[in-house]
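Counting begins at 1 with the first residue of the sequence.
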Amino acid sequence: MHAFHQTLLPSSSIHHSLFLPNFTPSTIYPLPKSINENVPDVKVIGNLIVAGGEILRVFEIREFQRYPDLDHIQNGNVDGDEEMEEGEERLGDGFFDDGHSKRDPVQLETRRKLHLLAQYELNGTITGLSALRTIESSVDGLDRLLVSFQHAKMALLEWSRGSISTVSLHTYERCSQMISGDLQTYVPMLRTDPLSRLAVLSLPEDSLAVLPVLQEQSELDMIEGYARDVPYSPSFVLSLSDVSPRLRNLQDLLFLSGFHSPTLALLYSPLHTWSGRYQSIKDNFCLEIRTIDLSSGGTYPLLTSVTGLPSDSLYLVACPAQLGGVMLVTSTGLVHIDQSGRVIGTSVNAWWSYATALKSDHQSESRKISLEGSKCLFVNERDMLLILQNGDTHQVRFEMDGRNVGQIKIDESTSTVPPPSSVVIAGDKALFVGSAEGDSLLAKINEDREALLNGDQSVKKEEVKDDMDVDWDEDLYGDMNDPSNAGLANGYQKENTGPAKISVSTYDVLEGVGKIMDIEFGIAATDQGTRTYPQLVAISGGSKKSTLNVFRRGIPITKRRRFNELSSSEAVWFLPIDRPSAQKFKDIPDSGRTTMLFSTERNATRIFALSNKANPEQIGRINGKTLNAAPFFQRSCVMHVTAAEVTLLDNNGKPIQVICPKSDLSPISSASISDPYIAIRRLDGSVSFFVGDTVARTVTEVPVAGEGFETPKCQAIEVFSDTTGIYRTFEPAQPAISVDAPSMETAINASRGTQWLSLLTDRGELQIRSLPDLKVVLQSDGLGSSAPTFTDELVDGVLKDEDIEDEVKQMVFCPIGKGNVRPHLLALHQSGRLNAYEAQPRFTVDSSSQTRRSLAVRFRKVHTQLLPISGGSTRLPYTIIPFDEIEGITGAFITGEKPHWIVSSDAHPLRTYALKQAAMSFGKTTHLGGKGEYFIRIEDGSFICYLPPTLNTDFAIPCDRYDMDRIYTSIAFDPTSAHYVGAASITVPFQAYDEEGEIQIGPEGENLIPPTNQRSTLELFSQGSDPWRVIDGYDFDQNEEVLCLESVTLESPGGEGGYRDFIAVGTGFNFGEDRATRGNTYIFEIVETVGKGGKAAGSGWILKLRAKDPARNPVSAISHINGYLLNSNGPKIYVKGFDDDQQLMGLAFLDVQIYATSIKVFKNFILVSDLYKSFWFVSLQEDPYKLTTISKDLQSVSPVVTDFLVHEGQLTFISNDREGNMRMLDFDPTDPDSLNGERVLLRTEYHTGAPVTTSKVIARRKTAEEEYAPQTQIIYGKSDGALTTLVSVKPARFKRLQLVSDQLVRNAQHVAGLNPKAFRAVQNDLLPKPLSKGILDGTLLSHFALQPSNRQKEMMRQIGTDAVTVASDIAALGGFW
């Protein structure tokens, strides 16, 4: 059997982050200014690079100013006073002085937000990020990015032509340290010199890969026998044992600033120890500071050496040059080591004296904090921010004794941030906290200092003065606290030079799913218990709290009311026409208030006047099918286009002027309207362009190509406007951005923005012309050829003569986004292919090749997909309809056989969400007073709908997110009651017991942190309008933790058909090292309670304990088979029956090995996976009851989950281990290698990246009418927050897609130059070569759609198929549900 593996939800965890001041040109050149006055001016202060797993994201940090309370400002209430109630009269006319506070100007606050530029899914696991500047940086002023990957690889990247490009790739995977070294304990560390002279990557066996980086041209000229166009010298591997025999067991290293040559601080431990050996070996860590001098043949002089450092040392932090030295962070305290070797320490808890003999200051022991998993960074010269594993932040103060550090003090926690996985300073007074457990944070660093006078005279706090207490000096010379006096008073200047108080406040939140603990499929229910739609619930989080992510199938159609008048509408236009009789709404501006409706049905169009009434009033009817209708002449008229004519209508739908009368010409096929321009295209490809005169209120035709030139035949035409300011032009002789003089039309309506005319000719050439002069500013063949990026490339107009195989059916320029919108170009092809390009600003151009004005825009493809077309010809054609401001979302909707939403946001890429049923018409409307309402006609009827306010569209799958107060580890869905049950884990002090059950007393001390343990509770969640509220629960015993939670179907005499659904729980006790563990099996039922008067306020659902079955070992896995309970008990597997709904009775058992991690059932077969001994294939016999081992895997692997994959009568096993490797195995007794079926046969090994944490198997049906599913589909939740899936593939389709994969490996350009085939290969010493051809890589195949059409055609020619077939194959294997 063959399979297809793809990602449903990309990883959003962040493990590494880096701030680069100048990685993209937008940090050097100013951004385009928006024409919209309500949009503030934006400045880019730097770039933020974040990485997690295989995902690399590049952000801009944008800074702008806004009013502190934007809602009050928008309502005209600048002073922030409370709004006046209706009928209240405001006293005074504003002339008289109402007091000093009324005259204070409104202070704008500075805000920063993250703006996503690009996101890449690499063919390697990222292990580090670092900054570099090369020789080229002095030319273009841009920083370079150095990325390290698993298996000892480094890639040097730069920003070029709107995307990341690879400069070089350095691999060390074949060096002796990687081949024979200990890879189990290897932790890669990437470090670069502050002056970018050197980069090092740690290798196994205490070695370093050293990459010298050239900074001057003279250094490049000195190199002989090496390429002169690379910015680095040949790299080499340095063994630390050659530098010093004591350098063993490297713990951490970093470069220090302020030295003439690159200088490294190395933290290592020559001898190993642990807490049980502290009496004999303690303080085994050492620190050495060495200079790397490559100019003299490679010498490494020792500057400082310190021994006897604490045994619980964790990592190093470089101190600022003004402070000097390094900070050593241990689990129990902080240590400062200066360049002379002087050591100053402070302890944060009383365990310091147990772990080290080093003297320290004990004043901060009362904080009682633990520094494992903490992060530190300096925010100024003498203050450091300490962020604990749970997100609590503490300020660390360095008090000086002369020029040396005298004392280190740790303050109380001032603020809280997400649990950190990486922390980096993100510009001036800002930091970014990346989290692997959920949302990350861009935060502001607040420094509040006490005001001091020069001469160390303290300024007393201002006292509240009585009315009679008048200071005549202040009356004459002004208040010294007044900012207008420049802080001068009594000859002294007030300065904020006192001790700083550091706190953190939020700038922006980068949402992420984080580590997935468990997933469960269920069905949403209303308050009345009605089942509505399926959903997938994923628990994410870990150390502090959990988030419940409820993923939906798509954006739900939430209906508000029916619109029966449009029950047969084929297309609708809701228009904001200025009509005196129209009703006004407070929160809706006139430009967004829909007052007229055009609905086309068959060969006629009806016109309605809209109001807040239930039924609209029909005011007109037009013969002919409407192609387009839009406001005209400042929303006073309507421009209406049919296939026969173009007509200007008044605000009551009556004709005013026939712009293009009926004629014998080819009928009109499409039209684009943007006041005051109209462009129409006929079926033969001819184009007509009309311009309206607002003053004379007339419309005349204007030739597009000018007098004497013929307008080319076109596939598509579009007139569009831009309010973002991104559409700008370069002048022909200089690379500066032009500022055009505003025309009369622009002056009349500045909010309309700049306007442009776009033509896509029959030869595939895209032309963009500026309006009103109709001059060509862009020519490119990139849109017709589906190029990844294109700009103004055909300056000479030369175009290759090639046949256009897949014409563009519709071309739409529209903004997409949430908050700050981005301009996009959407192109819909005849084959159903949808390409989405983002218009990104260009800042530089080669002026020597420019002979005309050139558009300063680069179009970059950000999304592509194939819309399904049944039977080869569309039964319901696709149409792109832009919309704006539906619940704050601006985007587009595609009507047709498989409709889609197209949305985006600032910090996340463009997303498309499909609807389950076909949509015939769509339009945004506000006539009922709602800002987030829209009309849609689907198979169920015509409705006014709205988007749920809790809907999150930032991820690849739409979801609702709920932040919980506790940590949840497992979740299960009860089908009978439609309720979810979750297992919460509560951190409690650990209590040790002896064998007799007596409490053991450990070390006692005032500031000792007690050891902690986890204690679980079982909680029942509510459904309906107030979901995920805990309505009932069950507390387990002390030290008892839930290990597994499942919904099971067991035999029950009172159930329908003899079966009933229950909740089964397996637990284990953690008693520490000195007492044997045990466990329990619980059976719960969710029952409904009824109040005294029937179903009243006292009614509800509760958890009822049906049975408790003690076990001698932990119950780590649980399931059900044929109405019996199947659970593990240490090294055994038991089958038990539920006797009379009261107790569990043992029926059969089987001895397995050490620790069962999962039990999966398919019909009468069982898969039992073991943490160290792979898995067993078992069957259940009922007469008599017996578990029989059919086969097992004899290799020593560590599977986390093992599942069945079924495809039309065939069965295979899929195993996932702790290293992120997927293995496909078959049971084939006829194969001689199977030893008569006693062992399963390994067919394929495939590396998936991050390890899998949980899995669910669902039925996969081709149609909803199928009673029995022909195949299964496996959904995986991963530790990096990703959701992936595995489906089976037919042999013919697999062979075709395997050939496509081979073509992509060889011909496609991969970011960082990484080999996708090598990334998926698994090293197996028992095999001569990797078994990697049984599972298709969906991530690699997704790059096929991003290739240009000519490259696709060339690859398909070698395979013998076509691009549409390949795209259809990939689409058929994608998705789930």
Side-chain angles (χ1 to χ4, degrees), residues 437-438 514-522 536-550 962-975 977-988 1012-1023 1027-1048 1061-1070 1077-1086 1101-1111 1114-1120 1125-1128 1156-1159 1200-1201 1253-1256 1277 1279:
E437 299 182 5
K515 179 181 179 181
I516 295 179
M517 308 295 294
D518 196 12
I519 60 175
E520 177 68 311
F521 282 94
L536 172 64
V537 180
I539 299 178
S540 63
S543 64
K544 188 174 183 180
K545 63 179 183 179
S546 294
T547 301
L548 295 180
N549 305 276
V550 183
Y962 301 90
D963 292 330
M964 311 302 288
D965 295 331
R966 293 184 177 181
I967 300 172
Y968 292 89
T969 58
S970 304
I971 192 169
F973 177 75
D974 180 57
S977 63
H979 281 72
Y980 289 91
V981 176
S985 180
I986 304 173
T987 300
V988 296
T1012 58
N1013 195 15
Q1014 303 300 316
R1015 179 181 180 181
S1016 293
T1017 63
L1018 193 66
E1019 298 181 351
L1020 177 65
F1021 298 112
S1022 62
Q1023 277 272 45
W1028 306 109
R1029 177 174 49 86
V1030 178
I1031 56 178
D1032 195 19
Y1034 180 85
D1035 293 331
F1036 294 99
D1037 292 339
Q1038 180 77 21
N1039 295 9
E1040 187 175 12
E1041 188 174 359
V1042 172
L1043 302 179
C1044 53
L1045 174 67
E1046 291 289 340
S1047 175
V1048 297
D1061 294 319
F1062 297 92
I1063 300 296
V1065 182
T1067 66
F1069 287 84
N1070 183 7
T1077 183
R1078 57 183 176 86
N1080 287 311
T1081 302
Y1082 296 87
I1083 301 297
F1084 291 92
E1085 186 179 9
I1086 302 177
W1101 297 87
I1102 62 171
L1103 278 171
K1104 186 173 183 180
L1105 178 63
R1106 290 295 188 183
K1108 178 181 177 180
D1109 186 34
V1115 181
S1116 57
I1118 202 164
S1119 186
H1120 62 108
L1125 184 69
L1126 188 63
N1127 72 280
S1128 67
T1157 57
S1158 70
I1159 299 176
V1200 178
V1201 292
T1253 57
T1254 181
S1255 67
K1256 291 292 179 182
S1279 60

Item to check | Chi angles and distances behind the side-chain contact (heavy atoms from CB on, under 4.5 Å) call for Leu1125, Thr1081 | outcome: CA-CA 10 Å; Leu1125 184 69; Thr1081 302; 3.8 Å; yes
Next on the checklist: I'd like to know whether Leu1103 forms a side-chain contact (heavy atoms from CB on, under 4.5 Å) with Ile1086, so could you lay out the CA-CA distance, the side-chain angles of the two residues, the decisive distance to 0.1 Å, and finally the verdict.
Outcome noted: CA-CA 5 Å; Leu1103 278 171; Ile1086 302 177; 3.9 Å; yes
Item to check | Step-by-step side-chain contact (heavy atoms from CB on, under 4.5 Å) determination, Phe1021 to Val1030 | outcome: CA-CA 5 Å; Phe1021 298 112; Val1030 178; 3.9 Å; yes
Next on the checklist: Show, in sequence, the C-alpha distance, side-chain angles and deciding distance for Leu1020 and Phe1084, and conclude whether the side-chain contact (heavy atoms from CB on, under 4.5 Å) test is met.
Outcome noted: CA-CA 11 Å; Leu1020 177 65; Phe1084 291 92; over 6 Å; no
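Between the OG atom in Ser1016 and the CG atom in Leu1043 there is a gap of 8.0 Å [rounded to 0.5 Å]. Between the OG atom in Ser1279 and the CD1 atom in Ile516 there is a gap of 9.5 Å [rounded to 0.5 Å]. Remark: Met517 CE to Thr1254 OG1 distance equals 10.0 Å, nearest 0.5 Å. For the atom pair CZ of Arg1015 and CD of Glu1040, the computed distance is 9.0 Å after rounding to the nearest 0.5 Å. Atom NZ of Lys1104 and atom CD1 of Ile1063 lie 15.5 Å apart (nearest 0.5 Å).
For His1120, there are no ring-ring contact (aromatic ring centres under 6.0 Å, His included) partners, not counting sequence neighbours. For Asp1109, the salt bridge (charged side-chain N to carboxylate O under 4.0 Å, His left out) partners are Lys1136, not counting sequence neighbours. Not counting sequence neighbours, the partners of Ser985 by the side-chain hydrogen bond (donor to acceptor under 3.5 Å, both in side chains) test are Gln1014. Every residue meeting the side chain to side chain contact (heavy atoms under 4.5 Å, CB included) condition with Glu1046, not counting sequence neighbours, appears here in chain and number order: Val1048, Ile1118, Lys1256. Residues passing the side chain to side chain contact (heavy atoms under 4.5 Å, CB included) test with Asn1013 are Phe990, Asn1039, Asn1070, sequence neighbours excluded. The side-chain hydrogen bond (donor to acceptor under 3.5 Å, both in side chains) check on Asp1035 picks up nothing, with sequence neighbours excluded. Here Tyr980 pairs with Gln535 under the side-chain hydrogen bond (donor to acceptor under 3.5 Å, both in side chains) rule; sequence neighbours left out. With sequence neighbours excluded, the residues satisfying side chain to side chain contact (heavy atoms under 4.5 Å, CB included) with Ser1022 are Arg1029, Ile1031. The side chain to side chain contact (heavy atoms under 4.5 Å, CB included) check on Glu1085 picks up Arg1060, Phe1062, Val1087, Arg1106, with sequence neighbours excluded. When the side-chain hydrogen bond (donor to acceptor under 3.5 Å, both in side chains) test is applied to Asp1032, no partner is found at least two apart in sequence or on another chain.
Formation of a donor-acceptor pair under 3.5 Å by the Ser1116 side chain with backbone atoms of Ala1156 is found in this model. Listed for the Thr1077 side chain is a donor-acceptor partner under 3.5 Å among the backbone atoms of Phe1069. A side-chain donor-acceptor contact under 3.5 Å links Gln1023 to the backbone of Ala978.
Nearest approach of Ile971 to Ile519, heavy atoms of both residues: CG2-C, 4.3 Å. For the pair Leu1018 and Leu1045, the tightest heavy-atom approach, listed with the atom from each and the gap, is CD1-CD1, 4.0 Å. When all heavy atoms of Ile1159 and Ser1128 are compared, the closest pair comes out as CD1-N, 4.0 Å. Closest approach of Ala1064 to Ile1083, counting heavy atoms only: CB-CD1, 4.0 Å.
Side-chain contact of Ser1047 with Asp974: a donor-acceptor pair under 3.5 Å is absent, judged by distance alone. Thr1012 and Thr987 share no donor-acceptor pair across their side chains, judged by distance under 3.5 Å alone.
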Can you give me every donor-acceptor pair (side chain of residues 537-546, partner residue at least two apart or in another chain, under 3.5 Å) with its distance?
{"from": "Ser540", "atom 1": "OG", "to": "Val513", "atom 2": "O", "distance (Å)": "2.7"}
{"from": "Ser540", "atom 1": "OG", "to": "Thr547", "atom 2": "O", "distance (Å)": "3.4"}
{"from": "Ser540", "atom 1": "OG", "to": "Asn549", "atom 2": "ND2", "distance (Å)": "2.9"}
{"from": "Ser543", "atom 1": "OG", "to": "Glu437", "atom 2": "OE1", "distance (Å)": "2.9"}
{"from": "Ser543", "atom 1": "OG", "to": "Glu437", "atom 2": "OE2", "distance (Å)": "2.9"}
{"from": "Lys544", "atom 1": "NZ", "to": "Asn390", "atom 2": "O", "distance (Å)": "3.3"}
{"from": "Ser546", "atom 1": "OG", "to": "Tyr968", "atom 2": "N", "distance (Å)": "2.8"}

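A heavy-atom distance below 4.5 Å is found between the side chains of Asn1080 and Thr1067.
The aromatic rings of Phe1036 and Tyr1034 stand perpendicular to each other, their planes meeting at an angle above 60°, with 30° marking the opposite boundary. Between Trp1101 and His979, the ring planes are tilted. Angles from 30° to 60° get that label.
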